[in-house]
Amino acid sequence: MGCMSHSLRVRGTGSNRVTHLKMAYLLMFVTLLHLITLAMLFIATMEKSWWVWDGMENSDLWYNCRFDNSTGTWLCSSSKETEWLQAVQVLMVLSVVFSSISFLVFLGQLFTMSKGGLFYFTGLCQVFAGLTVFSAALIYTLHKKEILPTSKELTSGHFGYCFILAWVCVPLLLCSGIIYIHLRKKE
């Protein structure tokens, strides 16, 4: 009988250890996903490749650039300020801000929240970041004629990697937000 109660205690301890390991892996996964998504958001907002013409000219949220073969440098001028472009700029910057705030709040909650607490605010910030990126990419998709320089033919160009990164961020931000909302602090 004594042997049997000892084996039950050992099993219970092992089960706790497995639960702690699962939570640690989930915590590492969510943190890594958050940091990767935040980096992708920052690149999509700041890099110069939302629209590309023949690899020699491109346009982003801030500048229109062309490659000068004689000097081997990019020559850039500010993008024409349209209401649609300003909306995309604001939404992308807001997404970076929401995701950054979400990460800082998550770190704060991780060390100050009591056991059993949920990461609602962190999750909601991530979901809002996802919705703002979705809105920005959708506006850019639907209004590229008004946003891009009128002197260039749109059929000779295509969406650049920053635009694609913005679309990739949407499901990642929404998924991480949902994970945060359901994540409960164990210890």
Side-chain angles (χ1 to χ4, degrees), residues 11-51 59-63 79 81 83-144 147 159-187:
R11 254 192 234 142
T13 306
S15 145
N16 268 349
R17 205 172 298 146
V18 170
T19 302
H20 289 309
L21 276 176
K22 284 181 182 179
M23 289 307 294
Y25 286 137
L26 181 61
L27 187 64
M28 286 189 300
F29 170 74
V30 167
T31 304
L32 189 61
L33 177 64
H34 197 135
L35 290 174
I36 289 170
T37 307
L38 187 57
M40 288 171 49
L41 268 179
F42 190 75
I43 291 168
T45 304
M46 300 308 292
E47 253 320 287
K48 61 175 187 249
S49 184
W50 275 62
W51 189 265
S59 183
D60 67 5
L61 302 181
W62 315 101
Y63 296 103
S79 295
E81 292 292 324
E83 292 172 0
W84 292 116
L85 178 61
Q86 288 176 345
V88 174
Q89 289 170 338
V90 166
L91 288 167
M92 287 303 293
V93 169
L94 271 176
S95 70
V96 172
V97 169
F98 275 132
S99 190
S100 299
I101 288 171
S102 175
F103 187 69
L104 294 174
V105 168
F106 171 67
L107 290 178
Q109 287 177 327
L110 198 58
F111 295 110
T112 61
M113 186 187 301
S114 61
K115 183 178 176 181
L118 295 169
F119 297 94
Y120 282 131
F121 186 75
T122 302
L124 289 175
C125 281
Q126 279 294 88
V127 168
F128 285 142
L131 293 175
T132 57
V133 174
F134 176 76
S135 300
L138 189 61
I139 289 171
Y140 196 87
T141 303
L142 297 175
H143 296 284
K144 64 182 175 282
I147 292 172
F159 290 108
Y161 76 92
C162 290
F163 174 80
I164 295 166
L165 268 180
W167 276 113
V168 168
C169 283
V170 172
L172 293 177
L173 286 165
L174 294 175
C175 286
S176 68
I178 291 168
I179 290 170
Y180 277 127
I181 289 171
H182 292 290
L183 190 64
R184 182 179 302 273
K185 185 172 180 186
K186 294 291 182 187
E187 282 185 24

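Below, all heavy atoms of this structure are taken into account, side chains as well, without hydrogens, waters or symmetry copies. Numbering starts at 1 and runs along the sequence shown.
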**Q.** is_close_aromatic(F159, W51), centroid dist under 6.0 Å
**A.** yes
Q) With sequence neighbours excluded, what pairs up with S102 under the side-chain hydrogen bond (donor to acceptor under 3.5 Å, both in side chains) test? A) none
Q) Does atom CZ of F121 have more than 12 heavy-atom neighbours, drawn from other residues, nucleotides or ligands, at distances under 6.0 Å? A) no
Q: Keeping the roles fixed (side chain from W62, backbone from T45), state whether a donor-acceptor pair exists under 3.5 Å.
A: yes
Q. Listed by chain and number, what are the ring pair (Phe, Tyr, Trp, His ring centres under 6.0 Å) partners of W84, not counting sequence neighbours?
A. H143
(Q) If I take atom CG from residue D60 and atom CG from residue L85, how far apart are they, to the nearest 0.5 angstrom? (A) 9.0 Å
Q) With a 4.5 Å limit on heavy-atom distance, are the side chains of L173 and V127 in contact? A) no
Q | Gap separating the SG atom of C162 from the CH2 atom of W50, nearest 0.5 angstrom | A | 8.0 Å
Q: For residues Y161 and I43, determine if any side-chain heavy atom of one lies less than 4.5 Å from a side-chain heavy atom of the other.
A: yes
Q: Rounded to the nearest 0.5 Å, what's the gap from CD1 on I178 to CG on L124? Could you check?
A: 11.0 Å
Side-chain polar contacts of residues 131-140 - donor-acceptor pairs under 3.5 angstrom, sequence neighbours left out - could you list them?
from : atom 1 : to   : atom 2 : distance (Å)
T132 : OG1    : F128 : O      : 3.2
T132 : OG1    : A129 : O      : 2.8
S135 : OG     : L131 : O      : 2.9

Q: Could you tell me which residues satisfy side-chain hydrogen bond (donor to acceptor under 3.5 Å, both in side chains) with E83, sequence neighbours excluded, listed by chain and number?
A: none
Q. Do W167 and T141 touch side chain to side chain, with heavy atoms closer than 4.5 Å?
A. yes
Side-chain polar contacts of residues 33-42 - donor-acceptor pairs under 3.5 angstrom, sequence neighbours left out - could you list them?
from : atom 1 : to   : atom 2 : distance (Å)
H34  : ND1    : Y180 : OH     : 2.9
H34  : NE2    : S99  : O      : 2.9
H34  : NE2    : S99  : OG     : 3.4
H34  : NE2    : Q126 : OE1    : 3.4
T37  : OG1    : L33  : O      : 2.7

Q: Please identify each residue that fulfils side-chain hydrogen bond (donor to acceptor under 3.5 Å, both in side chains) with Y120, with sequence neighbours left out.
A: none
Q: Taking all heavy atoms of F106 and all of T31, pick out the closest pair and write down the distance.
A: CE2-OG1, 3.5 Å
Q: Just do the side-chain contact (heavy atoms from CB on, under 4.5 Å) check on M92 and M46 with the steps written out, would you?
A: CA-CA 9 Å; M92 287 303 293; M46 300 308 292; over 6 Å; no
Q: State, to 0.1 Å, how close T122 and Q109 come at their nearest heavy-atom pair, and which atoms those are.
A: OG1-OE1, 2.7 Å
